[in-house]
Amino acid sequence: MPELPEVETVRDGLQRWIVGRAVATVQASHPRALRRHLLGRQEFEGWLAGRQVESVRRRGKYLWVEFAGERRCLVAHLGMSGQLLLQTPETTPSRHTHASFRFADEGPELRFVDQRTFGGLYLDDLESAVSPARAASSGSSSRAGSSGSSGSDDSSARVPHSIAHIGLDPFDPSYSIDSAIARIRQKRSGIKRVLLDQTVVSGVGNIYADESLWRARLHPEREAAVLRPASLRTLLDCVHEVMSDALSVGGTSFDALYVNVNGESGYFARDLDAYGREGQECHRCGTAIRRETFMNRSSFFCPRCQRRA
DNA sequence: CTGTGGTCCTGTATGC
DNA sequence: TGCATACAGGACCACA
């Protein structure tokens with residue numbers, strides 16, 4: 001459920017609440033939450049005990065916690081319904097609490113709550129940054145001036161090995177809109193499907209895909225490869241813009257399933273133009289927003305502003 | 001290799 | 001009321 005703005009809201013909350021604190025004990029109670037940690041629950045709990053949190057990072061919808069002096073990190077993905085909450089140890093854990101992290105200072109503990117269990121936690125090694133964007137850097141209007149071009153891997157570019165295949169998100173300092181355009185044009189598929197492909201540009205899910213396409217006036221099933229570069233640039237600008245707008249108000253919440261680390265909802269739901277608005281008037285032209293299902297999920301769009309051809 | 005569809009879960013809303 | 005069905009912010013993996 002959570003897309004980039006929601007995950008970034010959570011990351012920001014974690015950054016403020018757990019950096020510098022030392023983990024005391026970890027209890028992982030649900031095996032499915034650790035299914036991607038192949039060394040088992042005991043190893044997971046045991047390794048984390050005593051580690052001091054150094055930073056909390058994100059790429060797309062993936063989060064990870066780095067520890068002082070360690071190459072190994074804690075990776076989290078919230079799936080459709082995952083939450084990371086800071087609660088006092090006295091707070092009764094809600095049902096679906098699948099892991100708890102207690103800290104040596106006995107302050108608020110971190111709890112992973114996940115109703116549908118599509119999310120998960122695991123430990124993984126950081127790999128040295130191997131410029132993930134080099135694939136599509138062909139013509140490149142070489143303006144490598146500002147940021148020391150020689151690929152001097154700044155440490156913030158290190159990502160866990162298991163998410164090296166995830167594309168840069170539009171908020172990443174290394175993100176290049178030209179590379180993204182080039183990659184999209186290589187795809188033989190509908191544009192919405194490409195937006196949802198996390199190996200191209202990461203962080204976009206069903207809500208922000210529909211919102212971006214509405215802003216850019218593109219039909220979700222337009223073939224990606226035939227779109228003009230200028231249209232794709234507009235679309236990617238809209239992707240960045242809509243996610244920035246959402247982030248500024250704490251993300252999109254329809255119910256209590258998406259909340260920040262303090263359990264509070266975001267307010268972007270009231271600003272949506274397409275997603276979830278079937279039958280309501282398009283905010284541009286007044287035509288009824290249409291809902292169609294494909295890819296086993298819903299797409300909302302304006303049949304007048306967003307023509308298929 | 002690339003693109004597509006099924007599948008993993010629980011809970012809520014809607015309809016017969 | 002009961003029961004069945006549809007649908008939900010996602011990603012992986014087996015197949016054509």
Side-chain angles (χ1 to χ4, degrees), chain A residues 1-11 30-38 58-63 75-84 94-98 112-122 124 135 160 162-167 169 183-213 220-221 223-225 239 242-243 245-247 249-260 265-272 274-279 291-300:
Chain A
M1 109 200 320
E3 307 179 36
L4 187 149
E6 292 78 35
V7 177
E8 173 59 19
T9 299
V10 171
R11 189 207 64 78
H30 197 305
R32 250 187 80 75
L34 291 194
R35 67 192 181 285
R36 294 192 67 181
H37 187 74
L38 304 179
R58 180 190 56 74
R59 172 178 286 182
K61 304 170 193 171
Y62 284 86
L63 284 171
V75 184
H77 195 287
L78 303 179
M80 292 285 268
S81 56
Q83 306 173 339
L84 286 166
S94 60
R95 188 152 67 122
H96 304 125
T97 297
H98 299 151
F112 178 65
V113 180
D114 188 11
Q115 177 183 106
R116 293 179 69 184
T117 71
F118 289 168
L121 307 172
Y122 58 96
D124 192 13
S162 57
I163 69 169
H165 67 292
I166 298 295
D169 65 62
R183 293 217 53 195
I184 292 171
R185 299 190 78 220
Q186 292 171 348
K187 293 288 180 182
R188 271 193 6 96
S189 184
I191 185 61
K192 180 171 175 182
R193 185 179 273 273
V194 177
L195 282 180
L196 294 177
D197 181 343
Q198 302 298 302
T199 69
V200 179
V201 170
S202 67
V204 181
N206 210 29
I207 294 178
Y208 300 109
D210 281 1
E211 293 300 303
S212 305
L213 290 164
E221 296 186 80
E223 194 183 334
V239 168
V242 72
M243 293 202 297
D245 291 349
L247 179 57
V249 294
T252 303
S253 304
F254 300 120
D255 49 39
L257 274 191
Y258 165 69
V259 291
N260 69 13
S265 294
Y267 293 99
F268 197 67
R270 61 180 67 165
D271 297 323
L272 295 174
Y275 188 86
R277 298 193 65 246
E278 179 181 21
R291 168 175 170 267
E292 285 184 9
T293 63
F294 67 101
M295 294 175 59
N296 250 343
R297 48 206 327 196
S298 297
S299 286
F300 299 89

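Labels below follow one simple rule: chain letters A, B, ... track the order of the sequence lines, proteins then strands, and each chain is numbered from 1. All heavy atoms count here, side chains included; hydrogens, waters and symmetry mates do not.
For the residue pair E6(A) / Y208(A), a side-chain donor-acceptor distance below 3.5 Å is found, with atom types taken as modelled. Between Y122(A) and S162(A), the side chains place a donor N or O and an acceptor N or O closer than 3.5 Å (distance only, hydrogens not considered).
R188(A) comes within contact range of the sugar-phosphate backbone alone, with a heavy-atom separation under 4.0 Å but no base atom that close. Contact annotation for F254(A): base contact, defined as any heavy-atom pair under 4.0 Å involving a base atom. Nucleic acid contact for N296(A): base, since at least one base atom lies under 4.0 Å from a heavy atom of the residue. Within the 4.0 angstrom heavy-atom criterion, no nucleotide atom of any strand lies near F268(A).
We find that CD1 of I184(A) is positioned 16 Å from C1' of dG3(B), with the value rounded to whole Å. What separates CE of M295(A) from P of dA11(C) is a distance of 11 Å, to the nearest Å. Between the CG atom of D255(A) and the C1' atom of dA13(B) there is a distance of 12 Å, rounded to whole Å. Atom pair L196(A):CG and dA8(C):P shows a separation of 13 Å (rounding to whole Å applied). Spacing between atom CG of L63(A) and atom P of dG10(C) amounts to 14 Å, rounded to whole angstrom units. Here the C1' atom of nucleotide dG3(B) and the CD atom of E223(A) are 12 Å apart, to the nearest Å. In this entry the distance linking CG of D169(A) with P of dG10(C) reads 14 Å, nearest Å. For Q198(A) and dG10(C), the CD to C1' distance is 8 Å, given to the nearest whole Å.
Looking at heavy atoms from C-beta onward, Y258(A) lies in side-chain contact with T9(A) at the 4.5 angstrom threshold. Within the 4.5 Å cutoff, side-chain heavy atoms of E221(A) are placed close to those of E292(A). Residues F294(A) and P220(A) have side chains in contact (heavy-atom distance under 4.5 Å, counting atoms from C-beta outward). Contact of the D124(A) side chain with the H37(A) side chain is not registered, since no non-hydrogen atoms from C-beta on lie closer than 4.5 Å. Counting heavy atoms from C-beta on, the side chains of L78(A) and D114(A) never come closer than 4.5 Å. In this structure, M243(A) and V204(A) have side chains that are in contact, with non-hydrogen atoms separated by less than 4.5 Å. Contact of the T117(A) side chain with the H96(A) side chain is not registered, since no non-hydrogen atoms from C-beta on lie closer than 4.5 Å.
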I'd like a list of close polar pairs between nucleotides 9-12 of chain B and the protein, N/O only, cut-off under 3.5 Å.
unit_1	atom_1	unit_2	atom_2	d
dC9(B)	O2	R116(A)	NE	3.1
dC9(B)	N3	R116(A)	NH2	3.4
dT10(B)	O4'	Q115(A)	O	3.3
dT10(B)	O3'	H96(A)	NE2	3.2
dG11(B)	OP1	R95(A)	NH1	3.3
dG11(B)	OP1	R95(A)	NH2	2.9
dG11(B)	OP1	H96(A)	NE2	3.0
dG11(B)	O4'	Q115(A)	OE1	3.2

Considering only nitrogen or oxygen atoms on both sides, find all protein atoms under 3.5 Å from nucleotides 4-7 of chain C and state each distance.
unit_1	atom_1	unit_2	atom_2	d
dC7(C)	OP1	R291(A)	NH2	3.4

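Which of dC12(C), dG10(C), dG3(B) sits closest to the side chain of N206(A) comes down to dG10(C). Taking every side-chain heavy atom of M80(A) into account, dG10(C) is the closest of dG3(B), dC12(C), dG10(C).
To the nearest whole angstrom, the two P atoms, one in dA14(C) and one in dC9(B), are 16 Å apart.
At least one side-chain nitrogen or oxygen of K187(A) sits closer than 4.0 Å to the OP1 or OP2 atom of dG3(B).
Of all nucleotides present, none satisfies the Watson-Crick or G-U wobble test against dC1(B) with each distance under 3.5 Å. Base pairing of dC9(B) is not made with any nucleotide, judged by Watson-Crick or G-U wobble geometry with both donor-acceptor distances under 3.5 Å.
Note on K61(A) versus D169(A): no salt bridge recorded, every NZ/NE/NH1/NH2 to OD/OE distance being 4.0 Å or above.
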